[in-house]
K.L.:
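The structure is given below, and queries will be raised subsequently.
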Amino acid sequence: LEEKIISLEGRVPKTYPDVNFLNYLKRKRILITGGAGFVGSHLVDRLMLDGHEILVVDNFFTGRKRNVEHWIGHENFELIHHDIVNPLFIEVDEIYHLASPASPPHYMHNPVKTIKTNTLGTINILGLARRLNAKILIASTSEVYGDPDIHPQPETYWGHVNPIGPRACYDEGKRVSETLTYAYAKQENMQVRVARIFNTYGPRMHMNDGRVVSNFILQALQNDVITVYGSGEQTRSFQYVSDLVEGMISLMNSNYSQPVNLGNPVEHTINEFASIIKNLVGGHSKIIHVSEVEDDPQRRRPNITRAKTYLNWEPKVDLNTGLHKTVEYFRQELKRFKYTHRI
Ligand code: NAD
Ligand code: UDP
């Protein structure tokens with residue numbers, strides 16, 4: 001303990017030697033790449049409240065300073081404008097690697113950049129973790145399963161991905177990201193964690209990220225038509241963001257190094273989901289069907305046995321509760337948008 005106190009020098013808080021000081025010693029310096037985005041900013045909140053020092057690295061492609069502005073000026077918080085496709089030289093104990101566009105319109109906007117972020121970017125962050133001997137968690141995705149022919153999807157399923165389709169830049173990018181992670185782990189004896197994240201929603205989602213949750217809620221709030229792509233019989237399982245954050249932290253702190261699905265196993269067709277949103281928001285939007293999108297996965301639902309067994313984790317927030325909070329967030333966003341654009 002004495003050695004640690006000496007090495008901390010001027011950073012010792014006045015409260016020493018009480019219990020706060022012991023918590024202070026447990027405090028970690030944590031890097032969150034993509035920490036100004038939707039999921040990343042909720043992770044920042046949780047880890048800041050736990051008393052850790054947080055560094056956010058983000059190029060603000062889809063993230064916003066506004067998502068973390070409440071921490072700017074706090075002595076434990078630092079925000080670095082940086083693109084992870086370029087190497088990064090900082091000192092941390094732990095890394096949550098989330099930087100990558102996540103919604104289909106965003107990742108298809110510049111497919112080459114999406115691939116670079118998930119390959120070169122991931123190599124840079126894994127290289128950083130190796131140099132620092134830091135534990136690293138990679139945010140992977142249910143998209144590694146593609147349009148699955150096994151349902152629900154367990155982590156042992158290898159997936160069914162079109163390598164040259166419009167979603168490939170993201171799906172294959174994330175698959176390479178996972179391959180890189182396990183190659184580094186084996187070759188360099190690193191501690192790695194891989195979270196396969198299923199559809200997640202909640203406040204701070206991007207207004208125009210084109211995903212089904214934001215599209216349907218915004219359409220309903222503005223009495224526009226609700227646009228179901230294709231038959232609407234395709235399914236998704238929606239997880240509230242606070243459940244995901246708990247799952248990611250549990251995974252990081254566990255001893256489990258194989259991929260783990262983090263998602264809510266309650267599955268809905270997109271037709272059902274459109275009705276749920278319409279009933280929740282009210283108004284008089286009509287639900288219409290438009291053309292289907294290419295390579296749209298037809299079924300998606302996580303098998304979460306691994307997360308339950310190894311992390312003692314399962315989602316707690318039901319769809320109705322989570323959607324209420326999300327609808328309220330979008331209502332406020334619309335008001336803010338109208339105010340700033342004088343509409
Ligand atoms: P988001 O777009 O809100 O956040 C991604 C963040 O990464 C943004 O702040 C963006 O500016 C940043 N970023 C992108 N490219 C970068 C680069 N080259 N350098 C530095 N920063 C960069 O998306 P999200 O929903 O918060 O997703 C976070 C992570 O979780 C992503 O890796 C995504 O693939 C994964 N994920 C999310 C979901 C979901 O439903 N939200 C599902 C599966 C996986
Ligand atoms: N979808 C829809 N209408 C929309 C947006 C999406 O019917 O306005 C459908 C889409 O075709 C897919 C599902 O909703 O079947 C989920 O799409 P999203 O883009 O949210 O995420 P994905 O799970 O496909 O990555």
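Only this structure's heavy atoms are used, side chains among them; waters, hydrogens and symmetry mates stay out. Atoms within each ligand, like the ligands themselves, are counted from 1 in listed order.
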K.L.:
Crowded around Glu292 CD? As in, over 12 foreign heavy atoms under 6.0 Å?
P.N.:
no

K.L.:
Under 4.0 angstrom from ligand 1, any heavy atom of Tyr170?
P.N.:
yes

K.L.:
Quick check: Phe38 and ligand 1, any N/O pair under 3.5 Å apart?
P.N.:
yes

K.L.:
Kindly confirm or rule out an N or O of Val85 lying under 3.5 angstrom from an N or O of ligand 1.
P.N.:
no

K.L.:
Show which atoms of ligand 1 fall inside a sub-4.0 Å distance from at least one heavy-atom site of Lys174.
P.N.:
31 (C), 32 (O), 33 (C), 34 (O)

K.L.:
Flag Thr62 as yes when one of its N or O atoms lies below 3.5 Å from any N or O atom of ligand 1, and as no otherwise.
P.N.:
yes

K.L.:
So that I can tick it off, tell me whether Arg300 and Asp147 are bridged by a salt bridge, with the cut-off set at under 4.0 angstrom between side-chain N and carboxylate O.
P.N.:
no

K.L.:
Just wondering, more than 12 heavy atoms not from Lys116 lying within 6.0 Å of its NZ?
P.N.:
no

K.L.:
Among side-chain atoms of Trp313 and Asp243, is any donor-acceptor pair under 3.5 angstrom?
P.N.:
no

K.L.:
Please identify each residue that fulfils side-chain hydrogen bond (donor to acceptor under 3.5 Å, both in side chains) with Tyr184, with sequence neighbours left out.
P.N.:
none

K.L.:
If we check side-chain contact (heavy atoms from CB on, under 4.5 Å) with Leu31, which of these qualifies: Val56, Ile54, Val57?
P.N.:
Val57

K.L.:
Would Gly63 count as a polar contact of ligand 1, with the cut-off being nitrogen or oxygen pairs under 3.5 Å?
P.N.:
yes

K.L.:
Any ion pair linking Asp149 and Arg299 (charged N to carboxylate O, less than 4.0 Å)?
P.N.:
no

K.L.:
Can you find a side-chain donor-acceptor pair between His151 and Glu267 that sits under 3.5 Å?
P.N.:
yes

K.L.:
Compute whether any side-chain donor of one residue and acceptor of the other, for Asn67 and His42, lie under 3.5 angstrom apart.
P.N.:
no

K.L.:
Ignoring hydrogens and geometry beyond distance, is a side-chain donor-acceptor pair present between Arg211 and Ser103 at under 3.5 Å?
P.N.:
no

K.L.:
Considering non-hydrogen atoms of the protein only, which is the closest contact for atom 25 (O) of ligand 1, and what is the distance?
P.N.:
Arg211 NH2, 3.3 Å

K.L.:
By number and element, which atoms of ligand 1 are closer than 4.0 Å to a non-hydrogen atom of His82?
P.N.:
19 (N), 20 (C)

K.L.:
For Gly37, counting its heavy atoms only, list the atoms of ligand 1 lying under 4.0 Å from any of them.
P.N.:
3 (O), 4 (O), 8 (C), 9 (O)

K.L.:
Report the residues that fulfil side-chain hydrogen bond (donor to acceptor under 3.5 Å, both in side chains) with Glu333, sequence neighbours left out, ordered by chain and then residue number.
P.N.:
Arg66

K.L.:
Heavy-atom distance to atom 20 (C) of ligand 1: which of Thr33, Val39, Asn59 wins?
P.N.:
Asn59

K.L.:
Measure the distances from the heavy atoms of Lys116 to every atom of ligand 1 and state whether one is below 4.0 angstrom.
P.N.:
no

K.L.:
Which residue and non-hydrogen atom of the protein lie closest to atom 37 (C) of ligand 1, and at what distance in Å?
P.N.:
Ala102 CB, 4.0 Å

K.L.:
Apply the test side-chain contact (heavy atoms from CB on, under 4.5 Å) to residues Gln234 and Val212: give CA-CA distance (whole Å), side-chain angles for both, the deciding distance (0.1 Å), then the verdict.
P.N.:
CA-CA 12 Å; Gln234 69 272 34; Val212 71; over 6 Å; no

K.L.:
Could you tell me, atom by atom, which parts of ligand 1 come under 4.0 Å of a heavy atom of Ser140?
P.N.:
44 (C)

K.L.:
Would you mind finding which of Ser100, Gly35, Ala139 brings a heavy atom closest to atom 7 (O) of ligand 1?
P.N.:
Ser100

K.L.:
Side chains of Lys278 and Ile226: closer than 4.5 Å at any heavy-atom pair?
P.N.:
yes

K.L.:
Considering the heavy atoms of Phe60, write down every atom of ligand 1 situated less than 4.0 Å from one of them.
P.N.:
11 (O)

K.L.:
Considering residues at least two apart in sequence or located in another chain, which fulfil the side-chain hydrogen bond (donor to acceptor under 3.5 Å, both in side chains) criterion with Asn215?
P.N.:
none

K.L.:
Near Gly34, which atoms of ligand 1 are under 4.0 Å from a heavy atom of that residue?
P.N.:
6 (C), 7 (O), 9 (O), 12 (C)

K.L.:
With nothing but distance in play, are any N or O atoms of Arg64 less than 3.5 Å from an N or O of ligand 1?
P.N.:
no

K.L.:
Can you name the residues that come within less than 4.0 Å of ligand 2, going by heavy atoms only?
P.N.:
Pro104, Glu143, Arg167, Asn199, Gly210, Arg211, Val212, Asn215, Phe216, Thr227, Val228, Tyr229, Gln234, Arg236, Ile270, Val293, Asp296, Arg300

K.L.:
Can you sort out which atoms of ligand 1 are near Asn199, meaning under 4.0 Å from one of its heavy atoms?
P.N.:
40 (O)

K.L.:
Hey, does Lys113 come in under 3.5 Å of ligand 1, counting only N/O atoms on both sides?
P.N.:
no

K.L.:
Answer with yes or no whether Ala36 contacts ligand 1, where contact means a heavy atom under 4.0 Å from a ligand atom.
P.N.:
yes

K.L.:
Compute whether any side-chain donor of one residue and acceptor of the other, for Arg196 and Tyr145, lie under 3.5 angstrom apart.
P.N.:
yes

K.L.:
Before signing off on this row, confirm whether Ser142 and ligand 1 have an N or O atom pair separated by under 3.5 Å.
P.N.:
no

K.L.:
Show your working on side-chain contact (heavy atoms from CB on, under 4.5 Å) between Gln222 and Leu334 and close with a plain yes or no.
P.N.:
CA-CA 9 Å; Gln222 296 173 103; Leu334 275 176; 3.7 Å; yes

K.L.:
Does any N/O atom on Thr141 come nearer than 3.5 Å to any N/O atom on ligand 1?
P.N.:
no

